[in-house]
Each structure stands twice: as C-alpha cells, then as structure tokens.
Amino acid sequence: MAARGLLLASIYLSLLVHECYGVTLFSSLQKTLQVTTTTKRGQVLKAGEDKVTITWGLNQSLVAGTDSAYKTVKVQLCFAPVSQKDRAWRKTEDHLNKDKTCSFKIVEKPYNKSLQTLDWIIESDVPTATYFVRAYALNAERHEVAYGQSTNDQKTTNLFDIQAITGRHASLDIASVCFSVFSVVALFGFFFHEKRKARMSQQK
C-alpha cells in the first residue's frame, strides 16, 4: 500500500512540475514500461535494409492503475553515449524539449497495456552510430509521463550498431567499371587508327 502511494505521489509530482514550469524533465518520469529488441551485442544492421523486432508494454509487476493516465505510446531510436561524444547536436538534456538523444521516431500509437510488437525496417536516413530503443507514455495532453528503454540506466547494455547507406550501389560500380574498360579500348583504338593512317600516308 505504501509503495502504491509513493508511486502515485511521484506521478502527481511529475505532472505538477509540468504544470508549474511548462516543461517535462526526463528525471521526473517513472520507468514503468519494458522495452526489448531482437538485436544482439556487436550486431551491425544496415539502414534501409535490415529490420528490428521491438516489443514494449507495461511492467506487469506494478500496481493496478499505474497506467491510468497513459493515452499514447511513442517509440524512438536513440543514440548511445558512445555516439554522442563530441557531437553537440546529439546531446542529452534533462529538459525533453531540448533533448537530442532520441531523434528518430519509430512509431506512435494508442496505448495498450498488453505487450505490443513491431517489425521495424530501419529508415534509409538513419546515420551510422550505436543505438538503443526507448518508449514514452504520453497523457491526454501529449506530455511524457513515463518511459522504458531497451538498455540499462547507464545506457551500456543491449546496444546495437547501424551502418548508414553509403550512396554507392553494385549496379553503379559495375557501370563504372564497364565505362572505364570502354574508355581504355576506345583510346587504344584511336591510337591504332592514327598510327595506321600515318603509315599509309608514308607509303604514298
């Protein structure tokens, strides 16, 4: 009973902070969602080709009513600390309106307390970096009130790498090789023709 009261008080405090200051702080959110991915440690996925299976839902060990204010779930792809170093445009901020940790939306849908699963094909514009997945629960006013993520609090476990599209394709490489070979053959043909033409002129 005391645990339930403490949790509800924390949620109320989170809402009060937003109402008073007009901001949502990540540090004020309750970690009530569970998020997992099918990625493996050290796995390198290709943007625009590979897919990640993501599962999220309410932590079933929590007391009933914890999710009473949840209306929407927003799942995002987030940079791991190793890919934020010396990159101010990816910087983590406690103020969620300024936070750049999670810059890519995966999906947003109505909240459902049962486990949800999505097979997400990595978008082609995702840059090369190390990532994890985070889900936010939003209330009716679309303010973040809770979260969960596929890594630990230090963001060091269950990370995965994505390799960006390089812009080069096999068909372009083949065309480039063919063009180079044609150019060399044409050049030798030109010199052979000129040499033969000069020889014929000398014989006359």
Side-chain angles (χ1 to χ4, degrees), residues 7-37 39 41 43 45 47 52-59 62 66-113 116 118 120-164:
L7 178 61
L8 294 177
S10 298
I11 294 174
Y12 175 76
L13 180 61
S14 173
L15 296 175
L16 185 63
V17 168
H18 189 281
E19 291 298 324
C20 293
Y21 299 100
V23 300
T24 301
L25 303 180
F26 181 77
S27 59
S28 71
L29 304 183
Q30 292 295 309
K31 191 176 182 180
T32 61
L33 302 180
Q34 293 181 321
V35 182
T36 61
T37 67
T39 56
R41 184 177 180 85
Q43 184 177 10
L45 303 169
V52 178
T53 300
I54 306 165
T55 301
W56 68 90
L58 181 70
N59 185 338
L62 298 175
T66 298
D67 58 347
S68 59
Y70 303 175
K71 301 301 181 184
T72 307
V73 168
K74 179 172 60 176
V75 182
Q76 295 181 294
L77 182 67
C78 311
F79 292 111
V82 67
S83 292
Q84 292 177 294
K85 187 177 180 180
D86 299 325
R87 294 176 175 89
W89 59 94
R90 299 178 182 178
K91 186 178 180 181
T92 295
E93 295 279 357
D94 195 31
H95 189 321
L96 286 182
N97 285 342
K98 298 179 180 179
D99 183 43
K100 304 299 181 183
T101 306
C102 304
S103 300
F104 303 94
K105 185 173 80 171
I106 295 176
V107 69
E108 183 173 325
K109 59 190 303 184
Y111 172 74
N112 189 321
K113 65 176 60 184
Q116 302 292 299
L118 171 71
W120 178 62
I121 298 178
I122 301 170
E123 302 289 343
S124 58
D125 61 344
V126 173
T128 297
T130 301
Y131 296 93
F132 65 94
V133 174
R134 179 181 289 166
Y136 286 107
L138 282 62
N139 62 15
E141 288 72 40
R142 296 191 56 77
H143 300 150
E144 294 88 348
V145 291
Y147 81 103
Q149 57 190 30
S150 61
T151 185
N152 59 0
D153 292 340
Q154 293 74 36
K155 295 178 282 188
T156 58
T157 61
N158 302 322
L159 305 177
F160 56 92
D161 296 323
I162 293 178
Q163 180 180 334

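If you take CD on E141 and NE2 on H143, they are separated by 6.5 Å, rounding to the nearest 0.5 Å. Rounding to the nearest 0.5 Å gives a distance of 14.0 Å between CD1 of I54 and CZ of R134. Separation of atoms CD (Q149) and OG1 (T37) is listed at 12.0 Å; rounding is to 0.5 Å. Remark: N59 CG to D67 CG distance equals 11.0 Å, nearest 0.5 Å. A distance of 11.0 Å separates SG in C102 from OH in Y131, rounded to the nearest 0.5 Å. In this structure, the separation between CZ on F79 and NZ on K155 is 12.0 Å, given to the nearest 0.5 Å.
Within 6.0 Å of the NZ atom in K31, the count of heavy atoms belonging to other residues, nucleotides or ligands exceeds 12. No more than 12 heavy-atom neighbours from other residues, nucleotides or ligands sit within 6.0 angstrom of CD1 on I121.
R90 places a side-chain N or O within 3.5 Å of a backbone atom of S83 that can act as its donor or acceptor partner. T24 places no side-chain N or O within donor-acceptor distance of the main-chain N or O of L96, the cut-off being under 3.5 Å. D94 places a side-chain N or O within donor-acceptor distance of the main-chain N or O of S27, the cut-off being under 3.5 Å.
Two residues are said to be in side-chain contact when any heavy atoms from C-beta on lie closer than 4.5 Å; V75 and W120 fail this criterion. Here the side chains of T151 and F160 are not in contact, with every heavy-atom distance at 4.5 Å or above. Under the 4.5 Å side-chain criterion, counting only non-hydrogen atoms from C-beta, E144 is in contact with K74. At a threshold of 4.5 Å between non-hydrogen side-chain atoms, the residues I122 and L77 do not count as touching. Put simply, the side chain of L138 does not reach to within 4.5 Å of the side chain of V73, judged on heavy atoms. At a threshold of 4.5 Å between non-hydrogen side-chain atoms, the residues N158 and T39 do not count as touching. You'll find the side chain of K100 stays beyond 4.5 Å of the side chain of R87, heavy atoms only. By the 4.5 Å heavy-atom criterion applied to side chains, V133 and W56 are not counted as neighbours.
Residue T101 comes nearest to D99 through the heavy atom pair OG1-OD1, 2.8 Å, listed as atom of the first residue, atom of the second, then distance. The shortest heavy-atom contact between A164 and A47 is CA-CB, 4.1 Å. Nearest heavy-atom pair across K98 and E93 is O-CG, 3.7 Å. The heavy-atom pair separating V35 from A135 by the smallest distance is CG2-CB, 3.8 Å.
Ring planes of Y136 and F26: perpendicular class, angle over 60° (limits at 30 and 60°).
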